[in-house]
Amino acid sequence: MKALLDNHSTRYLWLIVVHIILGLIIYLFKPLSTIYFLCILGYFIFSIFRSRNKQNQALVAAAYMMGGEVFFRMTGSAIPYEAGKYCVICLMLLGLFFSGTTKRSAPYWLYLLLLVPGLIYSAQTLNYDTDIRKAIIFNLSGPFCLGIAALYCFDRRITKKQFYNVLWAILLPIVTMTAFLFVFTPDTRDVLNGTSSNFALSGGFGPNQVSTILGIGMFILFILLFSDSKNLVIFLVNLVLLMLISYRAILTFSRGGVYTAAIAAVLFLIIYMRGLPRERASNMKAYVIIIAGAIFITWSITSIRTMGLIDMRYANKDAAGRIKEDLSTGRKELISSELTFFLNNPVLGIGVGKSKEYREAKYGIESASHNELSRLLSEHGIFGLCALVLLIAVPLAFRLQNRKNYLFYAFLGIWFLTINHSSMRIAAPALMYALAQLNFVNEKKKPAVHRQQTQPQIEHAH
């Protein structure tokens, strides 16, 4: 096997093995999760300072912390809940300190400024018994994280090798979480009680967040299977990982992350295949068939393990086989209420973090928003609308000028779909949005060194 693998592939396999073992060890000793978090953060900060971010180490670091955010929340008793977003923000700022940003990223400075009026207004509108600091941080950390990440990534030159390091960084902590889930979860049939999202099958944590991050892991592996599986060993390893992560994502019974992964994979495949020579694109059809077969096998196993309940879940049926009237599982009501708040308060909105209080007071619904688009409108008013226009218009304008990023639509699709079913509760959609605006460049070839032949000097005897 050694002869089949180059240094790149061997390193990748070792990293996968280490992260699987890490997940198993953390299951046995949960406090190790905090040590893991602190050590990896310290390592990345040291790496950025040492290299002065010359190889986009800040982006790799932010990608790793984003990939591990849900796992850290799931297992880290001593880690602040919003630590993942804080880390992405701080690491991106560190990268900007060393390597700056382009003048063309100015719209994202404006986007950040548009968040300020709602922030100030909320100090007056939130209830007296509300923890204003927590309410603001919870609702603004995601949009702020997106703005900082976009400032860093906009038209950022990145080589293929650096980009694969970013993809690995996202995937590795997801592999750790998957290993943890396999040993943590009780017997599937003991905890199934219907077709609703299942906390017990999601590591005892929020199924929506777990499904979202596992779905991103599925998508990353889909990319690697087509573009970075240089030999049979790596291809098989990635295929098995895709099946395992897909199994855990489906088993959460939360559909958002799985649907998002599937749509993003299709978007990637269309653009990727169009950019290949005809002969190579034809050969890639075999990959599509193999991967589709692996997904079918995974689904079949999940269906058997859940006694067919997963099929009913995706068919929008309850355990008795009756079709549910609301496909959005209550999200439609939340969006409708927030749009009403916007229409009633179109200038300043109702203030950051106020949607939940308003909804409870007017409709008796005690639930946080699942949709970032409607939340921005209701809480920020006309400033939120302008912010949304910028978020959509700026990347599309960039795409007209630079078509090198073949993952543009896939990354933008993940951002848009995720904020519509899970808002910005985790850093993932913020970073996915930013990655869509990277500028792919070719590796710099080292110039050949021509050594001048010198004649051997003969020492003369005296």
Side-chain angles (χ1 to χ4, degrees), residues 1-17 158-172 174-175 178 214-247 249-250 258-301 399 402-414 432 435-436 438-445:
M1 186 172 98
K2 209 169 185 180
L4 293 173
L5 301 175
D6 55 15
N7 291 334
H8 175 84
S9 301
T10 303
R11 177 168 164 255
Y12 175 68
L13 288 180
W14 271 113
L15 286 171
I16 292 294
V17 170
I158 189 169
T159 65
K160 185 178 179 181
K161 181 180 177 182
Q162 291 170 9
F163 180 67
Y164 282 129
N165 285 338
V166 172
L167 296 184
W168 285 11
I170 297 171
L171 177 64
L172 290 172
I174 297 175
V175 169
T178 304
L214 289 176
I216 288 174
M218 292 165 61
F219 173 64
I220 298 299
L221 282 163
F222 192 82
I223 297 171
L224 295 178
L225 279 165
F226 280 93
S227 62
D228 195 37
S229 294
K230 298 180 179 179
N231 55 66
L232 182 61
V233 175
I234 297 298
F235 181 83
L236 291 175
V237 168
N238 285 335
L239 190 65
V240 170
L241 284 175
L242 175 62
M243 294 175 73
L244 294 174
I245 292 176
S246 299
Y247 174 74
I250 297 168
V258 178
Y259 279 144
T260 298
I263 293 169
V266 171
L267 291 172
F268 155 73
L269 196 57
I270 291 170
I271 302 298
Y272 184 73
M273 296 284 270
R274 282 176 59 186
L276 292 177
R278 183 174 297 179
E279 185 178 342
R280 194 176 167 199
S282 181
N283 294 336
M284 283 292 172
K285 291 178 182 177
Y287 282 59
V288 176
I289 294 170
I290 292 170
I291 294 168
I295 295 296
F296 176 76
I297 291 170
T298 304
W299 182 274
S300 300
I301 293 171
R399 179 67 179 177
N402 188 322
R403 297 179 178 271
K404 295 177 184 177
N405 189 340
Y406 57 90
L407 286 158
F408 174 84
Y409 291 109
F411 281 142
L412 211 61
I414 290 176
M432 291 292 106
L435 292 178
L438 290 172
N439 181 5
F440 288 12
V441 296
N442 295 323
E443 303 274 357
K444 289 183 179 179
K445 293 183 179 179

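At a threshold of 4.5 Å between non-hydrogen side-chain atoms, the residues Tyr12 and Leu224 count as touching. Looking only at side-chain heavy atoms (C-beta outward), Ile271 and Phe408 stay at 4.5 Å or farther from each other. You'll find the side chain of Phe219 stays beyond 4.5 Å of the side chain of Ile170, heavy atoms only.
Ala261 approaches Gly215 most closely through the heavy-atom pair CB-O, 3.2 Å. In plain terms, the two heavy atoms of Thr260 and Ile414 that are nearest each other are CG2-CA, 3.8 Å. Between Tyr164 and Asp228 the shortest heavy-atom distance is CE2-CB, 3.6 Å. The heavy-atom pair separating Asn231 from Ser9 by the smallest distance is ND2-OG, 3.5 Å. Annotation for Ala294 and Thr298: closest pair O-OG1, 2.8 Å, computed over non-hydrogen atoms. Counting all heavy atoms, side chain and backbone alike, Arg399 lies closest to Lys404 at NH1-N, 4.4 Å.
How far CG of Leu244 is from CG of Leu239: 10.0 Å, rounded to the nearest 0.5 Å. The CG atom of Leu13 sits 10.0 Å away from atom NE2 of His8, with the distance rounded to the nearest 0.5 Å. Atom-to-atom distance recorded for Ser246:OG and Ile297:CD1 is 12.0 Å, nearest 0.5 angstrom. Atom CG of residue Leu438 and atom CG of residue Asn402 lie 10.0 Å apart, to the nearest 0.5 angstrom. Going from atom CZ of Phe268 over to atom CD1 of Ile220 covers 10.0 Å, rounded to the nearest 0.5 Å. In this structure, CE in Met243 is found 12.5 Å from CG in Leu221, a value given to the nearest 0.5 Å.
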Worksheet item: Would Ile245 and Leu171 satisfy side-chain contact (heavy atoms from CB on, under 4.5 Å), going step by step from the backbone distance to the final call?
Response: CA-CA 10 Å; Ile245 292 176; Leu171 177 64; 4.2 Å; yes

Item to complete: Verify side-chain contact (heavy atoms from CB on, under 4.5 Å) between Ile16 and Leu172, making sure each step is shown before the conclusion.
Response: CA-CA 7 Å; Ile16 292 294; Leu172 290 172; 3.8 Å; yes

Discussion item. I'd like to know whether Tyr409 forms a side-chain contact (heavy atoms from CB on, under 4.5 Å) with Ile270, so could you lay out the CA-CA distance, the side-chain angles of the two residues, the decisive distance to 0.1 Å, and finally the verdict.
Written reply: CA-CA 10 Å; Tyr409 291 109; Ile270 291 170; over 6 Å; no

Discussion item. Assess the residue pair Ile291 and Phe226 against the criterion (side-chain contact (heavy atoms from CB on, under 4.5 Å)); give the C-alpha distance rounded to whole Å, side-chain angles, the decisive distance to 0.1 Å, and a yes or no.
Written reply: CA-CA 10 Å; Ile291 294 168; Phe226 280 93; 3.4 Å; yes

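Between Tyr406 and Phe440, the two ring planes are perpendicular [angle over 60°; tilted spans 30° to 60°].
Within the 3.5 Å criterion, the main-chain N or O of Ala436 finds a donor-acceptor partner in the side chain of Asn405. With hydrogens and angles ignored, the 3.5 Å screen pairs a side-chain donor or acceptor of Thr178 with a backbone N or O of Ile174.
Each of Thr159, Asn165, Leu167 was compared with Phe163 under the side chain to side chain contact (heavy atoms under 4.5 Å, CB included) criterion, and only Leu167 meets it.
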